[in-house]
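Here is the naming used below: chain letters follow the sequence lines, and residue numbers restart at 1 for every chain.
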Protein chains: 2
Amino acid sequence: MNNATLKQIAAQLGISTTTVSKALKNYTDISEKTKKAVIDLAQELNYTPNSFAVNLRTSESKTIGVIIPTVDFHFFSKVFKGVLEEAEKRDYLVIVLRSNEKLELEKKQIDLLLSKRVDGIIISLSNETGDFDHIKKVLAHNTSLVLFDKIAKLVNCSKVSINDRKASYEAVDYLIKKGRKKIAHFRGSYMPQNAIDRFLGYKKALEDNGIPYDSSLVYVCDNFSDFEDGYAAAKTACTEHPDLDAIFTVTDLVAVGVLKALQDLAISVPEQIAVFGFCNSFVSEITTPKLSTVDQPGFEIGRKAAEILFEEIQLKKKRQLIAYQSIELETSLLHRGSA
Amino acid sequence: MNNATLKQIAAQLGISTTTVSKALKNYTDISEKTKKAVIDLAQELNYTPNSFAVNLRTSESKTIGVIIPTVDFHFFSKVFKGVLEEAEKRDYLVIVLRSNEKLELEKKQIDLLLSKRVDGIIISLSNETGDFDHIKKVLAHNTSLVLFDKIAKLVNCSKVSINDRKASYEAVDYLIKKGRKKIAHFRGSYMPQNAIDRFLGYKKALEDNGIPYDSSLVYVCDNFSDFEDGYAAAKTACTEHPDLDAIFTVTDLVAVGVLKALQDLAISVPEQIAVFGFCNSFVSEITTPKLSTVDQPGFEIGRKAAEILFEEIQLKKKRQLIAYQSIELETSLLHRGSA
DNA sequence: TTGTACGCGTTATCAT
DNA sequence: ATGATAACGCGTACAA
């Protein structure tokens with residue numbers, strides 16, 4: 001039941017492998033008769049090209065790699081789904097690797113992908129990633145590269161992300177326009193750029209609305225994909241600031257913890273305290289009240305990143321010039337129950 | 001910056017490619033001197049073996065494929081994480097494909113993986129999958145195969161799953177022992193075996209405890225990964241059976257919908273109605289009250305499936321006999337707030 | 001200790 | 001319209 005080769009087909013038909021190869025690929029310079037004979041036999045023998053040989057010959061793997069920080073974070077599932085969608089259209093396969101938010105692992109995974117000679121790589125940088133030599137190595141290897149979500153402005157390649165600062169600004173601005181005056185921000189840790197940007201958007205919105213920035217209203221949730229952090233921070237914040245009337249969190253999961261804490265404290269949402277999340281992860285739909293949040297379009301991000309990657313792979317093949325793109329996808333505010 | 005080859009190294013050192021190859025692979029019959037020279041130059045030129053050529057030569061891809069029904073379902077993320085864990089240990093890469101619960105797509109993905117000549121495939125069958133020719137084709141291709149979660153008893157290969165029937169039995173038995181008398185079951189659709197098994201476990205637990213089975217207490221949630229279904233079914237059930245005192249659902253997400261509905265109906269959980277879920281997906285930790293549920297060990301399932309797969313790949317390589325395993329991983333009841 | 005020669009399966013070039 | 005030949009890069013049996 002195994003692996004017919006061009007050679008075998010050729011032998012059985014008493015012709016050359018060249019002819020067989022051409023017949024199978026619909027070259028014009030093969031007679032209909034032999035073409036038919038070849039195709040029939042190929043079908044009968046269940047011939048499929050040996051992709052190892054094809055890869056070697058064409059120097060293409062028809063495979064791309066995706067590196068994400070954590071596998072079981074819903075946002076990345078959405079992104080991945082977008083990537084798959086585009087890959088399927090082109091009969092490309094997708095290898096998935098995780099960096100676990102570790103620079104060292106990220107480096108290793110990149111080396112692995114390069115040594116596998118994937119045609120391109122899509123990556124969201126780990127929180128630890130501060131230098132970019134390993135990223136530049138990808139480009140040096142002439143492998144296409146697209147950064148998404150956690151990008152590095154310093155690297156010369158295409159990027160797909162959202163404008164965290166703007167999105168964050170809009171959310172806080174909205175809270176203020178709705179009459180909230182004392183708005184806490186539960187921010188992410190100091191390292192990743194998006195945590196910083198979201199914080200800056202928060203700050204700017206306050207300032208633009210004439211509300212003085214008060215650093216005691218900012219709480220750091222180090223592991224900001226954990227709702228325990230939000231729970232704890234909410235309890236502290238409510239004690240320290242009894243007149244708090246809104247909380248804007250760096251991520252939905254933190255906001256879910258906040259909702260839980262407020263419920264335990266018998267503080268009504270949104271009447272007493274409004275809560276605004278970030279991400280539109282699917283938990284935001286099942287809380288009580290439902291969570292108002294910034295829609296971060298994961299699926300679209302994945303789709304776009306893959307689309308650009310495949311474009312660049314094609315261009316590279318044709319030795320055409322590549323103009324790197326930096327795409328910022330639109331976010332929007334989702335008004336649900338909590339704010 | 002590109003792609004040194006054995007040939008180039010050999011040329012630069014004035015030796016043969018054979019010697020270079022051996023030196024790099026630590027063959028014993030190479031002098032320390034040349035070995036060092038080779039290794040140094042290889043490092044300098046940033047040599048990495050061309051895996052296309054290695055693949056062709058060794059007929060191995062050092063890659064496995066995973067096919068799952070849906071990418072953004074948290075249970076599968078956990079499984080995938082387990083698979084990755086094992087793959088990383090062995091420097092294997094993992095290609096991920098989705099079947100979207102469609103038989104046709106599942107077939108296509110399998111063909112793709114086979115044509116890529118992956119060393120093994122791990123798959124959870126789609127809900128539509130009723131015949132198994134495409135699965136048997138994998139074995140016929142001499143490619144290792146492990147089924148998980150949604151398995152097919154008829155296919156002769158290794159399998160990793162849980163005992164849905166037993167797990168379900170235990171949950172319902174627990175509810176009865178706690179004094180619940182009128183227990184509804186929100187089941188999954190009729191096709192996938194696990195929905196059936198969970199239902200059968202429910203039924204058996206009732207019977208063993210002398211509670212007559214009442215089919216009007218069974219509600220079908222077709223799209224049983226959707227909490228809307230649970231919400232709607234709960235409202236109906238509470239109307240039709242005002243004396244209901246427990247609901248056992250096929251999946252956590254359905255249970256989350258149930259909790260929401262009961263909250264809207266001002267029915268207290270677990271006092272009036274106990275709710276028991278299935279899966280231990282992470283939403284079960286953030287509901288109010290927290291959801292009692294069956295722990296379906298996704299990570300372990302993935303780990304085990306991968307472990308078996310890699311074992312079989314190794315055995316096959318050594319042309320040793322393979323004894324297929326059917327593993328049933330232990331589940332346990334997680335007692336949280338809702339029951 | 002080192003090198004020669006061949007094959008893995010495909011494809012591209014160039015003759016015929 | 002067809003085929004001979006070479007090449008992709010590596011690994012290994014065998015010879016030297």
Side-chain angles (χ1 to χ4, degrees), chain A residues 2-39 41-42 45-63 91 114-119 141-142 317-319, chain B residues 2-39 41-42 45-63 114-119 141-142 317-318:
Chain A
N2 240 4
N3 304 341
T5 66
L6 292 185
K7 199 195 274 186
Q8 286 166 22
I9 296 178
Q12 279 199 40
L13 294 176
I15 57 180
S16 76
T17 61
T18 309
T19 307
V20 175
S21 174
K22 285 179 174 174
L24 255 14
K25 312 193 88 191
N26 240 321
Y27 272 55
T28 51
D29 57 356
I30 301 291
S31 74
E32 281 307 322
K33 204 177 113 220
T34 35
K35 192 179 287 183
K36 183 170 182 338
V38 167
I39 290 174
L41 184 55
L45 296 181
N46 230 309
Y47 169 80
T48 47
N50 181 324
S51 68
F52 296 158
V54 176
N55 290 345
L56 179 58
R57 192 54 238 240
T58 61
S59 312
E60 276 189 339
S61 61
K62 291 277 189 182
T63 303
D91 279 328
L114 289 180
S115 83
K116 277 285 169 177
R117 284 170 159 68
V118 293
D119 297 342
H141 263 254
N142 205 28
K317 214 164 139 182
K318 298 187 212 148
R319 295 171 194 292
Chain B
N2 238 4
N3 303 341
T5 67
L6 291 186
K7 199 195 273 185
Q8 285 166 23
I9 295 178
Q12 279 198 40
L13 294 176
I15 58 180
S16 78
T17 62
T18 309
T19 308
V20 176
S21 173
K22 286 180 174 174
L24 255 15
K25 312 194 87 191
N26 239 323
Y27 272 54
T28 51
D29 58 356
I30 301 291
S31 73
E32 281 307 320
K33 206 178 111 218
T34 34
K35 191 179 287 183
K36 184 170 180 339
V38 167
I39 291 174
L41 184 55
L45 296 182
N46 232 310
Y47 170 80
T48 47
N50 181 322
S51 69
F52 296 159
V54 176
N55 289 345
L56 180 58
R57 194 56 239 251
T58 61
S59 311
E60 276 188 340
S61 61
K62 290 278 188 182
T63 303
L114 290 179
S115 83
K116 276 285 169 178
R117 285 169 156 70
V118 294
D119 297 343
H141 263 253
N142 206 29
K317 214 165 138 182
K318 299 188 212 149

If you only use heavy atoms from C-beta on, which nucleotide in [options] is closest to the side chain of [X]?
X     : options               : value
A/L6  : C/dA5, C/dT10, D/dG3  : C/dT10
A/N50 : D/dG11, C/dC8, C/dG9  : C/dG9
B/T19 : D/dG11, C/dG3, C/dT10 : C/dG3
A/R57 : D/dG3, C/dG9, D/dC10  : C/dG9

Short side-chain N/O contact to C/dT2 OP1/OP2 from B/Y27, under 4.0 Å: no
For A/K7 and C/dC8, is the shortest distance between a side-chain N/O and OP1 or OP2 below 4.0 Å? yes
In terms of the nearest nucleotide of DNA chain C, which residue is placed more toward the 5' end: B/I15 or B/L56? B/I15
Name the residue closer to the 5' end of DNA chain C, choosing between A/S21 and B/T17 according to the nucleotide with the nearest heavy atom. B/T17
Interatomic distance where CD belongs to A/E60 and C1' belongs to C/dT11 [whole Å]: 13 Å
When the distance from OH of B/Y47 to C1' of D/dC10 is rounded to whole Å, what number comes out? 7 Å
Counting distance alone, no hydrogens or angles: does the base of C/dT11 have a donor or acceptor under 3.5 Å from a partner atom on the side chain of A/T58? no
Is it the case that C/dT4 (base atoms only) and B/S16 (side chain only) share a donor and an acceptor within less than 3.5 Å, ignoring hydrogens and angles? no
Please classify the nucleic acid contact of A/T34 as base, sugar-phosphate, or nothing, using heavy-atom distances under 4.0 Å. sugar-phosphate
Taking any heavy-atom pair under 4.0 Å as a contact, classify B/S31: base, sugar-phosphate, or nothing. sugar-phosphate
Distances for protein N/O vs nucleotides 14-16 of chain C N/O pairs under 3.5 angstrom?
none

